[in-house]
Amino acid sequence: MRTATLGPAQRAEALARMAERELDVLVVGGGVVGAGTALDAATRGLATGLVEARDWASGTSSRSSKLIHGGLRYLEMLDFALVREALKERGLLLARLAPHLVRPVPFLYPLTHKGWERWYAGSGVALYDGMAFSSGHGRGLPMHRHLSHRRALRVAPCLKKDALVGALQYYDAQMDDARYVATLVRTASAYGAEAANRARVIGFLREGERVVGARVQDVEAGGEYEIRARQIVNATGVWTDDTQALIGERGQFHVRASKGIHLVVPKDRIHSTTGLILRTEKSVLFVIPWGRHWIVGTTDTDWDLDKAHPAASSADIDYLLEHVNSVLAVPLTRDDVEGVYAGLRPLLAGESDATSKLSREHTVAHPVPGLVVVAGGKYTTYRVMAKDAVDEAVHGLDQRVADCVTEDIPLVGAEGYKAMWNARARIAADTGLHVARVEHLLNRYGSLAEEVLQMIVTDPALGAPLPAADDYLKAEVVYACSHEGARHLDDVLTRRTRISIETFDRGTRSAREVATLMAPALGWDASQIDKEVEHYEKRVEAERESQRQPDDLTADAARLGAPDIAPLL
């Protein structure tokens, strides 16, 4: 089983090694596209580096709707090529690349008009399924089905009886977006890529007009590194224009940020065995099953304020509650909301004034020698974006380079996952854990769950759940630091776990215990534990305050009231 460790020692070694020699490719940006690009380059045999200014997936890639989907609504826009591409990627992820992280999820589409709407919507969903199967990657998901009014209410009793005349049910797929990126980085590292988070690019090295490297600041330990590379890939998403500005030249295209917010509510607040997809006046609204919770989203509004911490306003929350309550028999209230998160979509500017109509296709450009830019796109098609970016970088390398092979490279944890899943009852008996706990670990780590289980064998106390967030075991906190690159309390509560959005206290009751568990792995003393907890509590309060504000401007100002975590003491 191929694996890789992203602990503190490995991070320091990766930075040093990147600075020791000229790389073939340096990728800037540790979201899903950057991580995918690093994996693509490394598996072609290229000397590859990956740097991220904050944490893996700390931007857009941890704040999505957590869906792997073809984009059913893009069929209505007649964007068949984009849908076909995404459906192929969905199939690859489900069956071959990440079966331990990506799984099917059902959706119900309520019909509100008799006759014509069933034919119209049914034709679209049938085409959706047909395109998936014709790609050769449609197996693994059930076909859609038509439901009568009575059967639809049996599947989703939460709906008002007069909110529909019938329904369609179809399947897409979902994943934990931040966990997926962390696994992608580990996979790239397993194939030889050097990866370091909390490593910010503060400038580019140039020889004449050519970009030959980057100046990288170690945000944690201080100091700067000059990392030279024959090609650099800018995969910084909504920060694309900011990164381009560091070379002092205008880019060939611009990226606009569109804000989407999501609400998380407990499972018992919506009585349904299926997710929902609802049409709104602007786009669509999803109600997505998420463990013991539902995710409700999303909005789609222009955003030109702070990119690192997009804020959800009171108006955003009201918008989602109003639209979902229009079909729910028992409406949701503010008191039902456990968590709120906001993310920014990187959309290519120029196609339309309305962000909901901007293209989700991606673009790759070579604006100056030595620098490739990849932007746009959607989470589901990250692998295609990565392939195109590396293909473009290869044009600037004076050597023959192998073609992309990531279509056949499973992520770490995929190998042996199904066998371990079949043996989960035996594993539970051997470890003393409940079988539900073993299933939880397998669905988060795949076969790498063996590493977490070994920690519990060594220290049985780590097999206990966190008292204030009992979906997660204490071992997962330690593992996040020792193997997955977590450097701060926020990394663990927000991305390695999703405690920050899955508990009504937003993780504040877990903060001190989690920080204490992290301390030995990261070398923290008592004062650093206090600092981490204080920072996290301020962050949560700033987010709560922003969600009480009436608009984007006031919400942004409130969220910025909590500064980013400072370097270690």
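The figures that follow rest on heavy atoms only: side chains count, while hydrogens, waters and symmetry mates do not.
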Check: Given side chains that start at C-beta, do those of Glu450 and Met420 come closer than 4.5 Å, heavy atoms only?
Finding: yes
Notebook entry, point to check: Measuring from Ile529:CD1 to Lys531:NZ, what's the distance to the nearest 0.5 Å?
Noted result: 13.5 Å
Item checked: Donor-acceptor contact below 3.5 Å, side chain Arg228 vs main chain Val212 -> no
Next item on the list: Could you point out which residue of Arg198, Arg496, Arg54 forms a side-chain hydrogen bond (donor to acceptor under 3.5 Å, both in side chains) with Asp491?
Entry: Arg198
Notebook entry, point to check: Would you say the side-chain atoms of Tyr379 pair up with the backbone N or O of Asp177, donor to acceptor, closer than 3.5 Å?
Noted result: yes
Checklist line | Separation between CD of Glu407 and OG1 of Thr43, rounded to the nearest 0.5 Å | finding: 12.0 Å
Next item on the list: Compare every heavy atom of Asp316 with every heavy atom of Thr299, then report the nearest pair and how far apart it is.
Entry: CG2-O, 4.2 Å
Note to self: Quick check on the 6.0 Å ring-centre criterion: do His488 and Tyr536 meet it?
What the structure shows: no
Next item on the list: Would you check if the side chain of Tyr341 reaches a backbone N or O of Ser64 as a donor-acceptor pair within less than 3.5 Å?
Entry: yes
Checklist line | Aromatic plane relationship, Tyr479 with His483 - under 30° parallel, 30 to 60° tilted, over 60° perpendicular | finding: parallel
Check: Has the side chain of Asn197 got a donor or acceptor atom that lies under 3.5 Å from a matching backbone atom of Gly485?
Finding: yes
Item checked: Which atom of Arg200 lies closest to which atom of Ala53, heavy atoms considered -> NH1-CB, 3.7 Å
Notebook entry, point to check: Quick one: which of Asp556, Asp552, Asp302, Asp300 gives a salt bridge (Lys or Arg N to Asp or Glu O under 4.0 Å) with Lys259?
Noted result: Asp552
Listed pairs under 3.5 Å, donor-acceptor, residues 397-405 side chains, sequence neighbours left out:
from: Gln399; atom 1: OE1; to: Arg230; atom 2: NH1; distance (Å): 2.5
from: Gln399; atom 1: OE1; to: Arg230; atom 2: NH2; distance (Å): 3.4

Checklist line | Leu82 backbone acceptor or donor facing Glu85 side chain under 3.5 Å | finding: no
Check: With sequence neighbours left out, what residues match Lys538 under salt bridge (charged side-chain N to carboxylate O under 4.0 Å, His left out)?
Finding: Glu534
Item checked: Approximate separation, where rounding is to 0.5 Å, of Asp176 CG and Asn443 CG -> 11.0 Å
Item checked: Approximate separation, where rounding is to 0.5 Å, of Met175 CE and Ile68 CD1 -> 4.0 Å
Margin query: One pair to check against side chain to side chain contact (heavy atoms under 4.5 Å, CB included): Arg559 and Asp306. What are the steps and the verdict?
Written below: CA-CA 9 Å; Arg559 176 60 186 88; Asp306 180 67; 5.9 Å; no
Next item on the list: Write down the atom of Leu517, the atom of Pro520, and the distance for their closest heavy-atom approach.
Entry: O-CD, 3.4 Å
Margin query: What verdict does the side chain to side chain contact (heavy atoms under 4.5 Å, CB included) test give for Glu209 and Val368, after you've listed the backbone C-alpha separation in whole Å, the side-chain angles of each residue and the deciding distance to 0.1 Å?
Written below: CA-CA 7 Å; Glu209 66 172 350; Val368 296; over 6 Å; no
Checklist line | Sub-4.5 Å side-chain heavy-atom contact between Arg179 and Glu484 | finding: yes
Notebook entry, point to check: Side chains of Met518 and Leu489: does their closest heavy-atom pair fall under 4.5 Å?
Noted result: yes
Notebook entry, point to check: How far apart are the C-alpha atoms of Thr240 and Val373, what are their side-chain angles, what is the distance that settles it, and do they pass the side chain to side chain contact (heavy atoms under 4.5 Å, CB included) test?
Noted result: CA-CA 8 Å; Thr240 298; Val373 185; 3.6 Å; yes
Notebook entry, point to check: Is any side-chain heavy atom of Ser482 closer than 4.5 Å to a side-chain heavy atom of Thr5?
Noted result: no
Next item on the list: Could you tell me whether a side-chain N or O of Arg103 sits under 3.5 Å from a main-chain N or O of Pro99, the two making a donor and an acceptor?
Entry: no
Margin query: Please determine whether side chain to side chain contact (heavy atoms under 4.5 Å, CB included) holds for the pair His309 and Asp564, giving the CA-CA distance in whole Å, both sets of side-chain angles, and the decisive distance to 0.1 Å.
Written below: CA-CA 10 Å; His309 305 294; Asp564 280 336; 2.6 Å; yes
Check: Less than 4.5 Å apart, any side-chain heavy atom of Val51 and any of Met18?
Finding: yes
Next item on the list: Report yes or no: does Glu476 contribute a side-chain atom to a donor-acceptor pair with the main-chain N or O of Leu473 at less than 3.5 Å?
Entry: yes
Notebook entry, point to check: For the residue pair Ala190 and Val412, what are the closest heavy atoms and their distance?
Noted result: CB-CG1, 4.2 Å
Margin query: For a quick test of reading the model, state the closest non-hydrogen atom pair linking Ala196 to Ala199 and the distance between them.
Written below: O-CB, 3.8 Å
Checklist line | Spatial distance of atom OG (Ser62) from atom OH (Tyr180) [nearest 0.5 Å] | finding: 15.5 Å
Item checked: Expected output: side-chain Thr298 to main-chain Ile261 donor-acceptor under 3.5 Å -> yes
Next item on the list: Would you confirm whether Thr363, through its side chain, and Ala375, through its main-chain N or O, come within 3.5 Å as a donor-acceptor pair?
Entry: no
Next item on the list: Return the minimal non-hydrogen interatomic distance between Arg495 and Asp490, and the atom names on each side.
Entry: NH2-OD2, 3.2 Å
Checklist line | Verdict with reasoning, His69 to Thr380, per side chain to side chain donor-acceptor pair (under 3.5 Å) | finding: CA-CA 6 Å; His69 62 120; Thr380 304; 4.9 Å; no
Note to self: Just verifying a value: how many Å separate Thr187 OG1 and Leu39 CG, rounded to the nearest 0.5 Å?
What the structure shows: 6.0 Å
Item checked: Sub-4.5 Å side-chain heavy-atom contact between Arg539 and Thr494 -> yes
Margin query: Is the shortest side-chain heavy-atom distance between Trp290 and His262 below 4.5 Å?
Written below: no
Notebook entry, point to check: Under 4.5 Å between any side-chain heavy atoms of Glu89 and Lys378, yes or no?
Noted result: no
Next item on the list: Step by step, work out the salt bridge (charged side-chain N to carboxylate O under 4.0 Å, His left out) result for Glu52 and Arg487.
Entry: CA-CA 13 Å; Glu52 158 60 38; Arg487 301 288 301 168; over 6 Å; no
Item checked: Any donor-acceptor pair under 3.5 Å from Arg96 side chain to Leu93 backbone -> no
